[in-house]
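Below is one structure, written out as structure tokens; comments come after it.
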2 protein chains.
Amino acid sequence: MYDSNMSVTVALSKSPAELGTLATQFKALGDPTRLDLMMNVATSADSEACVCDLTPDTGLTQGTVSHHLRILVEAGLLNRDQRGKWSYYSLTDSAKNILSSLNLSISSNKTKSSSC
Amino acid sequence: MYDSNMSVTVALSKSPAELGTLATQFKALGDPTRLDLMMNVATSADSEACVCDLTPDTGLTQGTVSHHLRILVEAGLLNRDQRGKWSYYSLTDSAKNILSSLNLSISSNKTKSSSC
DNA sequence: TACTCAAATTGATACTTGTCAATGTATGAT
DNA sequence: ATCATACATTGACAAGTATCAATTTGAGTA
């Protein structure tokens with residue numbers, strides 16, 4: 001029997017909670033500076049970079065760059081690994097999935113060239 | 001000859017301009033309400049929905065929903081098709097690519113059930 | 001024409017955010 | 001112990017944003 005107003009269960013592939021974290025990640029990637037930082041990390045030698053390497057390209061102050069990196073970490077897009085005086089940032093698996101899904105994956109043969 | 005500071009050309013898969021529009025799209029998807037709207041459009045019968053159908057679920061006023069839809073249209077994520085008194089919104093190809101890449105594609109067997 | 005309905009727009013307001021300058025913190029070197 | 005370096009944090013401020021209430025626009029209808 002056909003009912004033009006019947007309600008239908010729709011199989012969403014993500015739960016509301018997952019959609020929430022996804023929105024947070026989109027929001028984090030929605031700032032041009034932060035998207036740029038992500039690309040710079042992705043193309044860095046050993047797939048990691050420290051703040052002093054990332055800062056110059058942005059044209060922003062070190063404090064502001066740290067601020068953006070923190071947002072990316074909190075969104076689950078970057079890992080922070082402090083070794084000695086430096087903080088090394090690298091892509092999380094989640095970030096790799098998103099970027100590679102969107103054909104943003106990058107292969108780099110950069111060699112290390114730190115400015116600090 | 002090895003030079004630890006040599007500069008290396010990196011093959012980025014997106015131009016700066018493309019990254020800019022991508023950031024705009026991420027920003028648009030970064031709002032929970034707008035991500036929800038996108039999912040609701042995606043799961044709508046005929047893959048399109050009008051404002052009066054989308055508004056109730058949001059708990060927001062009609063004007064605010066129109067505002068969010070405009071942002072999604074300007075980001076190139078939704079098409080607007082005005083037919084009669086109604087504006088029908090549907091996913092753009094760009095939006096389909098993004099959502100399906102992230103396993104957010106949805107198959108719906110909803111039947112039309114308009115509230116206006 | 002006058003009226004109704006769907007949607008867009010406007011103006012106002014509270015809240016969020018990106019940024020800098022300055023300061024704090026922790027690590028390693030002299 | 002003192003100092004320098006790398007990074008994080010704080011406070012302040014301008015700019016942007018989400019929201020609502022109210023109004024306007026535009027299309028169909030009586």
Side-chain angles (χ1 to χ4, degrees), chain A residues 19-20 23-38 40-41 44-46 48-75 77-90 112-116, chain B residues 19-20 23-38 40-41 44-46 48-75 77-90 112-116:
Chain A
L19 280 182
T24 301
Q25 292 183 327
F26 280 143
K27 191 174 181 179
L29 294 173
D31 181 277
T33 296
R34 288 195 291 266
L35 189 54
D36 238 54
L37 287 171
M38 291 292 290
N40 280 333
V41 170
S44 292
D46 301 347
E48 63 178 11
C50 52
V51 182
C52 55
D53 285 335
L54 294 168
T55 298
D57 281 354
T58 65
L60 303 172
T61 60
Q62 173 266 315
T64 301
V65 174
S66 274
H67 165 69
H68 284 303
L69 290 170
R70 187 164 56 88
I71 289 175
L72 290 167
V73 168
E74 286 171 354
L77 293 169
L78 287 183
N79 301 304
R80 171 185 287 135
D81 181 22
Q82 182 161 354
R83 299 199 302 271
K85 290 189 295 185
W86 296 270
S87 285
Y88 293 94
Y89 290 89
S90 60
K112 283 197 169 177
S113 149
S114 183
S115 46
C116 44
Chain B
L19 281 183
T24 302
Q25 293 183 326
F26 280 144
K27 191 174 182 179
L29 294 173
D31 182 278
T33 297
R34 287 196 290 266
L35 189 53
D36 238 54
L37 287 172
M38 291 293 289
N40 280 333
V41 170
S44 293
D46 301 347
E48 64 179 10
C50 53
V51 181
C52 54
D53 285 335
L54 294 168
T55 298
D57 281 353
T58 64
L60 303 172
T61 61
Q62 173 266 316
T64 301
V65 174
S66 273
H67 164 70
H68 285 302
L69 291 171
R70 186 164 57 87
I71 289 175
L72 290 166
V73 168
E74 286 171 353
L77 293 168
L78 287 183
N79 301 304
R80 171 186 287 136
D81 180 21
Q82 182 161 356
R83 299 200 302 271
K85 289 188 295 186
W86 296 270
S87 285
Y88 293 93
Y89 290 88
S90 59
K112 283 197 170 176
S113 149
S114 183
S115 46
C116 45

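The sequence lines fix the lettering, A, B, ..., with proteins before strands; numbering per chain opens at 1.
In this structure, A:Leu72 places its CG atom 14 Å from P of C:dT17, rounding to the nearest Å. Following rounding to the nearest Å, B:Leu69 (CG) and D:dA18 (P) show an atom-to-atom distance of 13 Å. Remark: C1' of C:dA8 and CD of B:Glu74 are 12 Å apart, rounded to the nearest angstrom. What separates CD of B:Gln62 from P of D:dA22 is a distance of 14 Å, to the nearest Å. The CD1 atom of A:Ile71 sits 8 Å away from the P atom of C:dT17 (whole-angstrom rounding).
Between the CG atom in B:Leu72 and the CD atom in B:Gln25 there is a gap of 10.0 Å [rounded to 0.5 Å]. The distance from atom CG of A:Leu69 to atom CD of A:Gln62, rounded to the nearest 0.5 Å, is 9.5 Å. With rounding to the nearest 0.5 angstrom, the CG atom of A:Leu78 is 11.5 Å from the CD1 atom of A:Ile71.
DNA chain D is contacted by no residue of residues 48-57 of chain B, taking any non-hydrogen atom closer than 4.0 Å.
Between B:Asp36 and B:Arg34 there is no salt bridge, since no side-chain nitrogen of the basic residue lies less than 4.0 Å from a carboxylate oxygen of the acidic one.
Between B:Arg70 and the phosphate of C:dA8, there is no side-chain N or O to OP1/OP2 separation shorter than 4.0 Å. For D:dA18, the OP1/OP2 oxygens have a side-chain nitrogen or oxygen of B:Arg34 closer than 4.0 Å. Within the structure, every side-chain polar atom (N or O) of A:Tyr89 is placed at least 4.0 Å from both OP1 and OP2 of D:dA6.
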Protein-nucleic acid N or O pairs under 3.5 Å, nucleotides 12-16 of chain D:
none

What does the list of N/O pairs under 3.5 Å between the protein and nucleotides 27-30 of chain D look like, with a distance for each?
none

So which protein N/O to nucleotides 19-21 of chain C N/O distances come out below 3.5 Å?
| residue | atom | partner | partner atom | Å |
| --- | --- | --- | --- | --- |
| C:dT19 | OP2 | A:His68 | NE2 | 2.4 |
| C:dC20 | OP2 | A:Thr61 | N | 3.0 |
| C:dC20 | OP2 | A:Thr61 | OG1 | 3.2 |
| C:dC20 | OP2 | A:Thr64 | OG1 | 3.0 |

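B:Asp46 is linked by a side-chain hydrogen bond (donor to acceptor under 3.5 Å, both in side chains) to B:Lys112, counting only residues two or more places apart in sequence or in another chain. Judged as a ring-ring contact (aromatic ring centres under 6.0 Å, His included), and not counting sequence neighbours, the contacts of A:Phe26 are B:Phe26. Residues satisfying the side chain to side chain contact (heavy atoms under 4.5 Å, CB included) test with A:Ser87, not counting sequence neighbours, are A:Arg80, A:Gln82, A:Tyr89. B:His67 pairs by the side-chain hydrogen bond (donor to acceptor under 3.5 Å, both in side chains) definition with nothing, not counting sequence neighbours. Scanning for side chain to side chain contact (heavy atoms under 4.5 Å, CB included) contacts around B:Thr24 gives B:Ala75, with sequence neighbours left out.
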Identify every side-chain donor-acceptor pair in residues 52-60 of chain B under 3.5 Å, counting partners at least two apart or on other chains, and give the distances.
| residue | atom | partner | partner atom | Å |
| --- | --- | --- | --- | --- |
| B:Asp53 | OD1 | B:Ser114 | OG | 3.4 |
| B:Asp53 | OD1 | B:Ser115 | N | 3.0 |
| B:Asp53 | OD1 | B:Ser115 | OG | 3.2 |
| B:Thr55 | OG1 | B:Val51 | O | 2.7 |
| B:Thr58 | OG1 | B:Thr55 | O | 2.6 |
| B:Thr58 | OG1 | B:Leu60 | N | 3.1 |

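Looking at heavy-atom distances under 4.0 Å, B:Ser87 makes contact with sugar-phosphate atoms alone, never a base.
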